[in-house]
Amino acid sequence: MILKILLVLFLVYFLVFRFFGLLIRPFLSFLFTQQGNRYNSESFGSGGSQRTREGELKIDHVPNDKAKKGKNFDGGEYVDYEELK
C-alpha cells in the first residue's frame, strides 16, 4: 500500500515538473532574448545613432542662453595671492 502511494506521488511529481519544464523553457528563452535586445539597444544608443570615435566630442543637449542674457556677469573680481613655501 505504501509503495503504491510513493509510486503515485513520484509519478505525479515527475510529470508535473516535466510539463512545467516544457512550458517554462520557451517563456524564459523569450524573456532572455527580450532583455538581451533591450540591453543591446540601450548600449548602442537610442535611435541608431553612430558611435563616436576616440577623441570626438558629442553634444546631446545645448542649454538655453536666455537665463544668462539677463545678467551682466563680467567674470568676477581679481584676487591677488601669495605663494607660501
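Position 1 is the first residue of the sequence; numbering continues from there. Below, each value reflects all heavy atoms present in this structure, side chains not excepted, and no hydrogens, waters or symmetry copies.
Apart from Tyr13 itself, the hydrophobic cluster it occupies contains Phe17, where clustering links Ile, Leu, Val, Met, Phe, Trp and Tyr at side-chain heavy-atom distances under 4.5 Å. Residue Leu84 is found outside any hydrophobic cluster, as its side-chain heavy atoms come under 4.5 Å of no other Ile, Leu, Val, Met, Phe, Trp or Tyr.
Transitive grouping of hydrophobic side chains (ILVMFWY, heavy atoms separated by less than 4.5 Å) brings Phe32 and Ile24 into a common cluster. By the rule that hydrophobic residues join a cluster once side-chain heavy atoms approach within less than 4.5 Å of another member, Leu28 and Phe19 end up as members of separate clusters.
Counting non-hydrogen atoms of other residues, nucleotides and ligands closer than 6.0 Å to CG of Leu31 gives a total above 12.
At least one side-chain heavy atom of Tyr81 sits under 4.5 Å from a side-chain heavy atom of Glu83.
Taken from CZ in Phe30 to CD in Gln35, the straight-line distance is 10.0 Å, to the nearest 0.5 Å.
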